[in-house]
**Student:** 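Would you mind keeping the following structure in view while I ask a few things?
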Amino acid sequence: MKTIYEVVIGLEIHAQMSTKTKMFCRCDNDSFNKEPNINTCEICMGFPGTLPCINKEAVKKAVIAALALHCVIPEHSKFDRKNYFYPDLPKGFQISQYDVPVSLKGWIEIEMKEGIKKIGITRLHMEDDAGKLTHAPGGTLCDYNRSGTPLMEIVSEPDMHSSEEAVAYAKEIQKILRYVGSSECDMEKGMMRFDINISIRPKGIKEFGIKVEVKNLNSFRSLERAIEYEIKRQTEAVECGERIIQETRGWDDIKGVTESQRTKEEAQDYRYFPEPDLPPLIQKNEEIEMYKKNIPELPRAKKKRYEQEFKLSDEEARILTEELDRALFFEHAATISKDPKKTAQFMNSMLLGHLNEKHQSLGECKISPENLGKLILLINNGKISHNLAKGKIFTAMFETGMSAEEIMEEKGLEELSDKGALENLAKKIIAENPKIVEQYKNGKTTVIGFFVGQMMQKTKGAANPKMVQDILKELLGAET
Ligand code: ADP
Ligand code: MG
Ligand code: ZN
């Protein structure tokens with residue numbers, strides 16, 4: 001019988017913290033588009049005799065992220081030196097946390113087709129980033145702007161069993177870190193990177209297989225592809241009677257393969273020891289309690305609430321909770337419209353659709369949550385038709401940021417939703433079309449559609465269709 005293999009995956013995620021300055025010095029933490037090597041100082045360049053100083057904001061952001069991942073925060077933790085020599089590391093060591101990290105033992109939930117799955121988090125710790133090397137034809141270029149950037153490393157338990165689960169986990173972590181403001185997790189700027197630990201074992205066997213580590217993936221797509229590749233490679237190797245060796249591999253995005261970089265025998269001894277230049281870290285209970293209170297409702301809880309409380313579909317709730325500012329915009333608009341379902345639909349189809357088309361973010365949107373809420377209120381009160389709201393009015397709101405009422409006034413659309421005005425118009429159209437009125441009288445009541453069409457055309461879609469129907473039925477009925 002053919003053996004069926006199960007894949008076991010654990011992820012290590014590096015996320016750059018969104019602090020003002022670097023981890024242990026006062027250099028700007030934003031090096032995006034900056035000239036190489038200008039965003040450095042004696043400390044992050046590792047000059048002898050300089051002393052690091054712990055960035056308080058970074059510790060706060062790490063602790064908040066850890067709390068959002070349900071981690072335990074021990075009272076004491078410390079920094080350690082991880083020694084290795086490489087041109088991207090001017091100090092000759094990285095400052096990380098080894099045996100006593102700032103947090104441990106957390107978990108998050110991911111939503112899979114088969115249901116909710118809990119993924120364990122071993123630890124979240126802080127460290128500083130290395131510089132960046134660019135291998136050019138003439139030699140290697142070193143840029144130390146990134147050197148000393150504050151990172152969180154989030155290590156998962158080996159709880160994932162497919163590329164889908166690993167990607168869902170990574171996306172959920174990204175969402176949570178963004179919600180709590182600990183990292184922007186902008187993958188295009190290298191703010192979030194993944195290392196995959198992956199092994200296979202015959203299904204049903206408890207012991208883990210030998211793991212392979214694939215380092216430095218920088219997109220969800222490459223994360224997925226590298227896992228799929230490794231599953232295939234390891235399964236084929238085992239089926240051929242080969243033994244998997246513990247090694248570190250790299251992902252070649254162009255070739256679509258992983259390639260061996262070093263085996264366990266060649267693994268470095270980092271000679272970890274406590275960082276002598278930094279004091280131990282102490283997390284006070286009161287402070288942790290205060291952070292906890294300030295953590296916003298997290299994406300999964302929000303999504304569940306939207307589904308239950310507002311009767312939103314899975315998809316509607318998922319889109320709205322993708323980002324915190326989006327969710328808050330929706331919640332604000334919905335309190336004004338008092339119709340969360342319609343607000344959700346309007347936001348997802350119209351607002352996000354328009355923003356997408358214009359490549360704009362919600363932050364750049366001219367429509368305020370109040371005005372979106374009021375627009376829906378006007379529809380629900382029968383003041384404007386759905387079509388008009390979706391058409392002219394929305395477009396004008398989107399372009400100018402004006403409220404629906406201001407636009408209606410400016411464009412003279414208001415009176416068209418007025419019953420008296422619509423009646424006058426209906427009377428005029430009826431008077432102009434005696435032949436069709438005749439047909440109606442003779443029992444061909446479907447011709448009412450002609451009159452509705454005329455009304456909508458004359459009002460440029462401004463009339464409330466329900467009102468038009470009612471008025472026409474009444475007037476035509478009186479003719480017979
Ligand atoms: P290392 O000391 O090599 O860094 P760790 O035990 O710290 O190894 O684990 C690192 C990561 O590898 C964690 O995310 C963990 O869940 C995962 N991991 C550990 N053993 C396995 C395995 N056999 N298969 C897949 N992933 C594993
Ligand atoms: Mg590791
Ligand atoms: Zn510096």
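Because the structure is a prediction, the values reported are computed rather than measured. For ligands, and for the atoms within them, numbers begin at 1 and follow the listed sequence.
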**Student:** Report the part of Glu213 in contact with ligand 1, treating N, CA, C, O as backbone and CB onward as side chain, heavy atoms under 4.0 Å; options are side chain, backbone, both, neither.
**Tutor:** neither
**Student:** Any atoms of ligand 1 less than 4.0 Å from a non-hydrogen atom of Val155? List them with their elements.
**Tutor:** 13 (C), 14 (O)
**Student:** Any donor and acceptor pair, going by atom type alone, linking the side chain of Arg201 with main-chain N or O of Val8 inside 3.5 Å?
**Tutor:** no
**Student:** For residues Tyr169 and Phe194, establish whether the separation of their ring centroids is below 6.0 Å.
**Tutor:** no
**Student:** I want to confirm something. Looking only at heavy atoms, which of Asn197, Asp195, Thr122, Ile9 is nearest to atom 17 (C) of ligand 1?
**Tutor:** Asn197
**Student:** Could you tell me whether Lys34 atom NZ has more than 12 heavy atoms of other residues or ligands within 6.0 Å of it?
**Tutor:** yes
**Student:** Might you confirm whether atom OH of Tyr98 has over 12 heavy atoms from other residues, nucleotides or ligands at distances under 6.0 Å?
**Tutor:** no
**Student:** For the NZ atom on Lys78, are there more than 12 heavy atoms of other groups (residues, nucleotides or ligands in this structure) within a distance under 6.0 Å?
**Tutor:** yes
**Student:** Should you measure from each heavy atom of Gly209, which atoms of ligand 1 turn up under 4.0 Å away?
**Tutor:** 23 (N)
**Student:** Check for me whether Arg81 meets the cation-pi criterion with Phe93, that is, NZ or CZ under 6.0 Å from the six-membered ring centre and within 45 degrees of the ring axis.
**Tutor:** yes
**Student:** Just checking Phe79 against Phe24, ring centres under 6.0 Å apart?
**Tutor:** yes
**Student:** Out of Glu157, Lys211, Glu207, whose heavy atom is nearest to atom 3 (O) of ligand 1?
**Tutor:** Lys211
**Student:** Kindly write out the residues that satisfy side chain to side chain donor-acceptor pair (under 3.5 Å) with Tyr306, not counting sequence neighbours, or none if the list is empty.
**Tutor:** Glu331
**Student:** Have a look at ligand 1 and work out which part of Leu11, if any, has a heavy atom under 4.0 Å from it: side chain, backbone, both or neither.
**Tutor:** backbone
**Student:** For the Zn ion (ligand 3), report each protein N, O or S atom nearer than 2.8 Å, sorted by chain and then by residue number.
**Tutor:** Cys25 SG, Cys27 SG, Cys41 SG, Cys44 SG
**Student:** State which residue, out of Arg305, Lys303, Lys304, fulfils the side chain to side chain donor-acceptor pair (under 3.5 Å) condition with Glu297.
**Tutor:** Arg305
**Student:** For ligand 1, note which part of Val8 has a heavy atom under 4.0 Å away: side chain, backbone, both or neither.
**Tutor:** both
**Student:** Using a 4.0 Å cutoff against the non-hydrogen atoms of Ser156, which atoms of ligand 1 qualify?
**Tutor:** 13 (C), 14 (O), 15 (C), 16 (O)
**Student:** Taking the inter-plane angle between the rings of Trp107 and His70 on a 0 to 90° scale, is it parallel (under 30°), tilted (30 to 60°) or perpendicular (over 60°)?
**Tutor:** parallel
**Student:** Decide whether an N or O pair under 3.5 Å exists between Pro158 and ligand 1.
**Tutor:** yes
